[in-house]
Q: 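Please see the structure below; I have some questions.
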Amino acid sequence: MIIDLSPTEDQAMIRTSVADLLDSVLPLDRLLKDHNHLASAELSSWSSFADQGLFGLAIDTESGGTGYSIAEQVVVCNEFGRHLVSPITMATMLATQLAVRAGLTDVVRSLIGGDKRAAFANPVANIDYNAGGTAEVQVIDGTGADYIILIDEERALLFNGNACEFLRSVPAIDETINIDRLGLPLDQTLVHSKDDLSTCRHHTLMLAAYLLGMAEVTRNMAVDYARIREQFGQPIGKFQAVKHICADMAVRAEAALAQTFYAATLASVDHPNGDSEAASARLIASRAALDNARANIQVHGGMGFSAECTAHFFLKRAHIITALNAAPLAAQSKILADLEPLS
Amino acid sequence: MIIDLSPTEDQAMIRTSVADLLDSVLPLDRLLKDHNHLASAELSSWSSFADQGLFGLAIDTESGGTGYSIAEQVVVCNEFGRHLVSPITMATMLATQLAVRAGLTDVVRSLIGGDKRAAFANPVANIDYNAGGTAEVQVIDGTGADYIILIDEERALLFNGNACEFLRSVPAIDETINIDRLGLPLDQTLVHSKDDLSTCRHHTLMLAAYLLGMAEVTRNMAVDYARIREQFGQPIGKFQAVKHICADMAVRAEAALAQTFYAATLASVDHPNGDSEAASARLIASRAALDNARANIQVHGGMGFSAECTAHFFLKRAHIITALNAAPLAAQSKILADLEPLS
Amino acid sequence: MQIIQSSLNDEFRDKVRAWLHSNVPKEQRPKRGRAMREFDTQWQRTQFEAGWAGLAWPREYGGQGFSLIQQMIWMQEYALAGAPAGGAMFVATTHAGPTLITHGTEAQKAFHLPKILSGESVWCQGFSEPGAGSDLAGLSTKAQIDGEYLVINGSKIWTSYAKVADYQELLVRTDPQSSRHKGISWVICDMHAPGISVRPIMSMSGLDTFCEVFYDDVRIPLDRVVGELNNGWRIAMTTLGFERGTATIAHQIELSRTVDALLEIAKKADSSGTGETPIDDTSVAAELAVLRAEVATLRSMTSLTISRNLHQDVPGPEGAIVALFFCELARRVYAMAITLLGPIGLERDTNGRDWPLEYLEAYKWAIGGGTSEIRRNLIAERVLGLPK
Amino acid sequence: MQIIQSSLNDEFRDKVRAWLHSNVPKEQRPKRGRAMREFDTQWQRTQFEAGWAGLAWPREYGGQGFSLIQQMIWMQEYALAGAPAGGAMFVATTHAGPTLITHGTEAQKAFHLPKILSGESVWCQGFSEPGAGSDLAGLSTKAQIDGEYLVINGSKIWTSYAKVADYQELLVRTDPQSSRHKGISWVICDMHAPGISVRPIMSMSGLDTFCEVFYDDVRIPLDRVVGELNNGWRIAMTTLGFERGTATIAHQIELSRTVDALLEIAKKADSSGTGETPIDDTSVAAELAVLRAEVATLRSMTSLTISRNLHQDVPGPEGAIVALFFCELARRVYAMAITLLGPIGLERDTNGRDWPLEYLEAYKWAIGGGTSEIRRNLIAERVLGLPK
């Protein structure tokens with residue numbers, strides 16, 4: 001198998017246009033100002049995201065989408081991570097995908113068109129799907145969401161937002177997102193897909209791409225700061241200790257990039273190793289995002305520890321995304337499964 | 001509880017005299033010459049070890065020992081580690097202790113006097129003590145040993161060397177020690193002590209002290225080399241990368257020192273937390289010995305990788321001692337056991 | 001290696017324990033503002049009135065002149081009793097006071113020491129600057145001599161409790177021609193003086209104890225200089241307080257209790273109803289065992305430092321080793337909490353404990369008071385003797 | 001990101017696979033001496049005769065001029081077929097040959113290139129010196145000009161295969177006044193010349209491929225200089241061979257197979273008869289999962305490097321990132337083998353595999369060809385643009 005991991009022309013174009021849009025409507029320093037209460041910045045740009053076709057990127061043109069694959073979706077999620085965009089964007093992409101599979105054309109149209117949106121549910125304990133009843137979950141930036149999506153390694157469920165029971169709001173480790181505790185009515189699903197592994201795989205890859213974006217930005221922030229911050233009469237980037245911290249950040253970001261893009265390429269052709277490679281990508285990207293966030297704070301010193309620099313948001317968000325629908329044991333067995341030789 | 005971890009006058013004197021003896025009869029560079037086949041260097045100095053009372057150090061004077069405690073024994077084993085002395089010395093100390101408890105006065109006398117010696121058995125698989133029969137073990141430098149000692153976290157067994165069945169010799173990762181596979185006759189023990197936890201604890205602490213010694217010497221070797229080896233026109237010890245490797249080595253050695261000596265002090269008064277503290281000491285000292293051995297090789301660069309420098313012996317020996325009668329799960333539960341508050 | 005048995009020590013411990021048992025404040029410490037100051041100074045006053053203030057200070061200056069072992073017993077019992085940290089009184093009692101005792105004039109001592117011991121005055125520290133963090137000697141806050149006064153212009157940063165402090169230990173450049181370690185002076189700065197403004201800095205955990213302090217033509221009488229003019233670097237560097245290694249006891253006990261709390265969490269069956277507990281997962285058990293071994297080791301390292309100080313007058317540079325070990329360990333302990341709790345670890349109030357706050361706060365140890373990188377340099381150069 | 005589908009590539013892969021299947025030597029490669037040299041040169045000759053020598057070399061010099069994708073396919077199939085590593089032919093085919101093609105005279109090329117391709121001559125590399133390891137530019141082996149000759153005195157170290165080599169790429173200081181990068185020349189040294197002596201150096205794993213080479217008035221004709229006199233540093237630095245990122249494929253596949261082997265070991269019930277397998281221990285499973293994800297990542301990083309080189313002429317400095325990732329990973333993979341096997345991992349022959357040897361050998365990656373520290377500097381300065 002020969003894979004070219006360089007961006008195709010389309011991919012490069014998609015990246016540029018999404019990056020330009022996000023740079024203008026969701027610059028990172030928005031988070032220093034108002035903490036982005038209830039994803040307000042994202043919601044006020046929601047229609048421009050829809051106009052760029054982001055919510056139907058990997059949906060067939062017959063179903064109203066743009067007709068690209070998971071590879072292009074990964075490019076977009078990578079930019080989301082670089083801008084710490086609320087996960088409701090990814091939840092909405094995945095909700096569209098689920099609705100297409102279930103033939104809910106109205107839902108598909110409203111999601112692609114930017115009229116409706118979805119949010120991720122994160123289980124706080126194991127859910128017994130056979131028992132029915134209500135499952136308690138965290139929902140990320142889900143206040144007012146039209147749909148709630150619950151994904152684990154082997155199934156995906158879609159709920160109507162107003163069918164869910166609001167329990168309480170909880171202050172989160174990441175003050176730029178909002179967590180509500182909700183009760184999900186397990187017997188009132190809009191979609192309950194038990195073997196749509198491709199949606200599960202896409203979820204894994206999109207989170208990996210998002211985490212990768214965070215690992216890249218923190219590497220860049222640390223390098224930029226090390227170039228200008230002076231101590232002992234020279235830029236701190238001249239000290240080997242700082243150089244080596246930055247070099248290790250570069251290794252982690254490059255590793256996450258290579259594995260995420262490789263896995264996305266396999267997933268785009270539904271390769272049988274796709275699940276294992278995607279699980280590996282999420283594992284590597286999670287570690288890269290967390291470790292680079294920590295290293296970036298350390299390079300920034302006192303500024304890194306203060307709330308006046310954006311460094312800490314990457315640490316907090318890395319914890320949120322790493323814990324989102326995480327099933328470490330299931331991921332482990334996917335990684336350790338028997339694989340097909342790749343050539 | 002107030003503990004003074006500084007050496008007492010007796011401890012300082014014991015350390016000096018043992019260090020002097022070992023410097024003269026077992027200098028480290030002996031290992032570069034003849035690989036110490038079958039612990040030949042140790043055996044030719046065996047009587048001087050006995051003359052210094054090393055094999056009965058922690059044995060009551062009534063039983064023919066010197067009447068010190070495990071604390072002093074730990075000081076001696078610490079020096080053994082610094083000189084990469086064959087583990088048969090520690091095996092003999094523990095065999096003496098077992099023989100005392102079992103009232104085998106002749107055995108005690110011959111061990112303390114240096115006429116007989118013991119070697120460690122290391123099980124290659126879990127042993128079912130109730131099933132009887134023969135247990136296959138590795139024996140370290142045990143060719144010609146009079147006694148074989150088998151210790152795990154909760155029992156200690158002593159065998160007559162000539163009651164054991166020789167299976168074969170195997171080349172070891174550490175070319176300076178000799179491994180034989182032996183069959184131990186489980187129903188022909190000289191001593192089978194099921195609840196002599198203090199011997200088990202002493203074993204754990206002696207290995208910790210030995211590993212500590214290795215961590216200390218490798219730190220010193222790396223620092224000495226970094227001071228004199230020049231690259232790019234200056235000693236490599238001026239480069240921050242090398243400085244920080246050495247600083248981390250110092251932290252690991254200091255940690256292992258503090259915890260080993262602390263645990264030994266508690267063990268010397270049979271404190272109920274002694275097992276947990278000893279298990280912690282071995283864990284911390286094992287990591288210190290392994291990590292410092294690796295760091296020392298790295299600081300030495302090409303020389304470190306060659307067999308012409310003693311650095312590699314510390315890596316190899318650290319693997320031997322770390323794996324010796326290791327029972328990670330049992331050690332874990334000891335560390336995690338409920339403890340008494342210490343003050 | 002030996003256990004120090006002494007009935008005098010045992011009696012002392014009993015006395016300390018009894019007093020703390022009856023006197024440790026039962027109410028929660030307020031997190032900010034005047035109420036926080038009141039709490040901290042009141043607790044200092046309570047200790048002072050009962051004869052427990054200035055444990056390590058010489059008796060001639062109103063201290064208790066306790067032996068190192070007595071100090072250690074006090075710190076152990078103090079932490080075990082859950083007594084509040086020094087808080088706003090910390091700089092005054094452990095740093096400013098000892099500095100004045102060692103280098104101050106009789107007048108400075110007579111005025112300030114009683115106020116510190118009795119909890120009347122709160123001090124803060126003005127060492128770091130926006131342009132001089134790890135590189136303290138690069139400080140540039142200017143003090144121009146104008147008759148009998150120093151006129152201060154510049155700013156300081158990472159000053160804890162500046163909002164509620166009465167005095168500040170302030171390092172300024174008194175010789176404008178000088179650079180680096182020379183020409184720096186150590187000055188007592190009145191925080192109520194005109195020209196001082198204080199801006200709180202929110203930390204990433206959401207606390208705002210740190211401040212930036214701005215000096216705009218602040219006039220300080222020359223008799224507030226401690227030691228001599230232009231000799232401040234030596235004073236700042238030689239005064240390590242009198243605590244001789246006992247200061248980490250509180251951190252060590254807190255960390256050890258946190259690991260015990262994690263162990264309790266790991267032993268509880270999760271809400272899935274399967275009856276399985278996290279500790280049944282050997283990878284969780286292994287990680288907790290390592291952390292527990294490491295907090296035990298931190299305790300032993302503290303004990304080793306104090307043991308060395310029992311036999312030497314001046315504490316050695318090995319203190320940096322314990323500090324580095326502690327700051328790396330603290331972050332891993334609290335990170336384990338977040339991992340162990342899973343999604344619940346993302347929420348700021350879990351059964352009454354704010355794990356995210358504690359986790360985020362733990363990042364400060366590897367940065368404040370010397371980054372881990374600076375500590376490694378120090379260990380390499382001062383402990384191991386590698387070339388500068 | 002896309003899969004490159006091409007029936008031409010598929011045909012090429014089939015052809016490569018078929019040829020390797022029939023021609024890869026079935027006998028064990030001898031570990032030392034003339035027999036080892038014979039084996040390596042014979043395998044080179046076999047490839048040469050079948051038209052597989054000099055894959056990346058231009059056709060005008062007898063190479064195959066394969067595209068980057070064809071080279072990648074070859075390397076993948078080569079590793080999967082278990083074909084032997086270049087061994088004693090490695091320096092000649094991947095480094096000396098490409099250097100001569102780029103910088104050599106017509107006479108040098110005409111004489112040496114055919115001998116390399118056909119496996120007639122074995123080369124070794126004489127760059128490092130006892131006093132110049134990481135700091136290659138600090139080399140001090142002297143070459144004095146004496147008429148039409150250079151007279152060499154000094155020594156080189158870590159020279160693989162010097163015992164069996166015919167020629168050596170030798171870096172010497174031709175300008176005695178020069179220092180560092182200036183005044184160095186790249187010379188073809190005949191290893192059979194009088195005055196050369198070779199001392200094998202045993203490595204810690206027990207192999208003796210490394211040697212120290214001593215030069216005692218060794219006379220080398222001036223026409224053996226490659227490029228120009230005193231221009232050797234540029235030649236040594238610009239010639240990275242033609243392999244453009246494909247060289248790590250073999251390492252990557254070997255490491256991936258080793259992790260699979262560990263997985264097999266972990267799935268086998270141990271001899272205790274309890275029926276439990278190591279993989280049932282979640283901490284073992286977790287560690288293996290991380291390693292497997294990492295070897296997959298190494299494969300992807302290799303693929304990324306090659307992908308970049310499909311679109312650029314000169315390979316970027318990112319290669320150092322893959323190299324650093326590989327060397328840190330390799331050591332952890334083999335260390336896991338030792339841990340997983342427990343006491344049996346201490347024995348040098350376990351079911352036909354010498355795990356201790358492989359583990360100890362893995363230490364060389366973080367030292368040879370640039371230590372991990374040098375690689376981190378390079379990444380920081382050349383990839384990230386941090387100041388020197």
Side-chain angles (χ1 to χ4, degrees), chain B residues 32 121-128 131 136-138 140 168-175 177 179 181 229-234 236 239-242 244-245 290 293-294 297-313 315-316 319-320 322-326 328-329 332, chain D residues 128-138 157-158 179-180 199-208 210 212 270-274 276 281 283-284 331 335 338-339 341-350 354-357 359-361 363-368 370-374 376-377:
Chain B
L32 293 172
N122 194 25
V124 292
N126 287 338
I127 295 176
D128 181 354
E136 187 168 344
V137 296
Q138 296 173 334
I140 312 297
R168 64 185 185 282
S169 272
V170 286
I173 188 173
D174 179 348
E175 66 267 42
I177 61 122
I179 292 185
R181 287 280 191 117
R229 168 72 172 169
E230 297 205 353
Q231 292 280 276
F232 303 98
Q234 60 179 45
I236 60 171
F239 291 103
Q240 229 178 11
V242 175
H244 289 195
I245 292 174
L290 274 171
R294 287 172 176 148
I297 288 171
Q298 188 67 21
V299 168
H300 277 76
M303 277 313 295
F305 183 69
S306 87
E308 301 183 355
C309 160
T310 54
H312 68 111
F313 294 127
L315 177 69
K316 294 166 174 175
H319 280 288
I320 297 284
T322 299
L324 189 59
N325 302 313
L329 293 181
Q332 240 169 61
Chain D
S128 292
E129 297 184 2
S134 291
D135 179 20
L136 191 54
I157 200 166
W158 315 126
S179 74
R180 315 280 315 149
R199 181 182 75 87
I201 302 174
M202 186 78 83
S203 82
M204 70 178 190
S205 67
L207 297 184
D208 62 353
F210 288 132
E212 191 165 2
D270 71 19
S271 44
S272 64
T274 58
E276 287 204 5
D281 182 333
S283 61
V284 170
R331 211 184 55 188
I338 302 295
T339 308
L341 288 161
I344 297 170
L346 307 175
E347 300 179 353
R348 295 205 59 153
D349 228 319
T350 318
D354 188 344
W355 285 107
L357 178 126
Y359 164 66
L360 295 168
E361 272 292 302
Y363 278 80
K364 76 175 168 216
W365 302 113
I367 294 170
T371 61
S372 292
E373 289 72 36
I374 296 289
R376 287 196 179 91
N377 281 351

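Letters A, B, ... mirror the listed sequences (proteins, then strands); counts begin at 1.
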Q: Quick check for you: to the nearest 0.5 Å, what is the distance between B:M303 atom CE and D:I157 atom CD1?
A: 7.0 Å
Q: Checking heavy atoms, do the side chain of B:Q138, its backbone, both or neither come under 4.5 Å from chain D?
A: side chain
Q: Which atoms of B:A172 are under 4.5 Å from chain D, going by heavy atoms: the side chain, the backbone, both sets, or neither?
A: both
Q: So for B:P123, is it side chain, backbone, both, or neither that comes closer than 4.5 Å to the heavy atoms of chain D?
A: backbone
Q: Looking only at heavy atoms, what is the nearest atom pair of B:A323 and D:L346, with distance?
A: CB-CD1, 3.8 Å
Q: Looking at every non-hydrogen atom in both residues, tell me the closest pair between D:A335 and B:R294 and how far apart they are.
A: CB-NH2, 3.8 Å
Q: Consider only side-chain N and O atoms of D:Y359 and B:H319, and report whether a donor and an acceptor are under 3.5 Å apart.
A: yes
Q: Is chain D contacted by the side chain of B:L315, its backbone, both, or neither, given a heavy-atom distance below 4.5 Å?
A: side chain
Q: Which bit of B:I297 comes within less than 4.5 Å of chain D, counting heavy atoms only: side chain, backbone, both or neither?
A: both
Q: Calculate, to the nearest 0.5 Å, the distance between atoms CZ and CZ belonging to D:F210 and B:F305 respectively.
A: 5.5 Å
Q: Counting N and O atoms only, with roles assigned by atom type, does the side chain of B:E230 sit under 3.5 Å from a partner on the main chain of D:A132, one being a donor and the other an acceptor?
A: no
Q: To the closest 0.5 Å, what do you measure between CG (B:D174) and CZ (D:R348)?
A: 10.5 Å
Q: Can you list everything that forms a salt bridge (Lys or Arg N to Asp or Glu O under 4.0 Å) with D:D208? Sequence neighbours excluded, please.
A: D:R32
Q: Please look at D:R376 and chain B and tell me whether the side chain, the backbone, both or neither of the residue comes under 4.5 angstrom of a heavy atom of that chain.
A: neither
Q: Which atom pair, heavy atoms only, marks the closest approach of D:S134 to B:F232?
A: O-CZ, 3.5 Å
Q: Determine the minimum heavy-atom distance between B:N122 and D:P343, stating which atoms define it.
A: ND2-CB, 3.7 Å
Q: So which heavy atom on B:K316 is nearest to which on D:M204, and how close?
A: NZ-O, 2.6 Å
Q: Could you look at B:I245 and say if it's the side chain, the backbone, both or neither that has a heavy atom under 4.5 Å from chain D?
A: side chain
Q: Of all of D:L360, D:I338, D:T371, which one pairs up most often with chain B through heavy atoms under 4.5 Å apart?
A: D:L360
Q: Restricting to salt bridge (Lys or Arg N to Asp or Glu O under 4.0 Å), what partner residues turn up for B:R181, sequence neighbours left out?
A: B:E136, D:E347
Q: State the CD-NE2 distance between D:E373 and B:H244, to the nearest 0.5 angstrom.
A: 12.5 Å
Q: Which pair of heavy atoms, one from B:E308 and one from D:R199, lies closest together, and at what distance?
A: OE2-NH1, 2.7 Å
Q: Among D:S372, D:S128, D:A366, D:G206, which residue forms the greatest number of heavy-atom pairs with chain B at distances under 4.5 Å?
A: D:A366
Q: So which of D:S205, D:P356, D:S203 has the largest heavy-atom pair count under 4.5 angstrom toward chain B?
A: D:S203
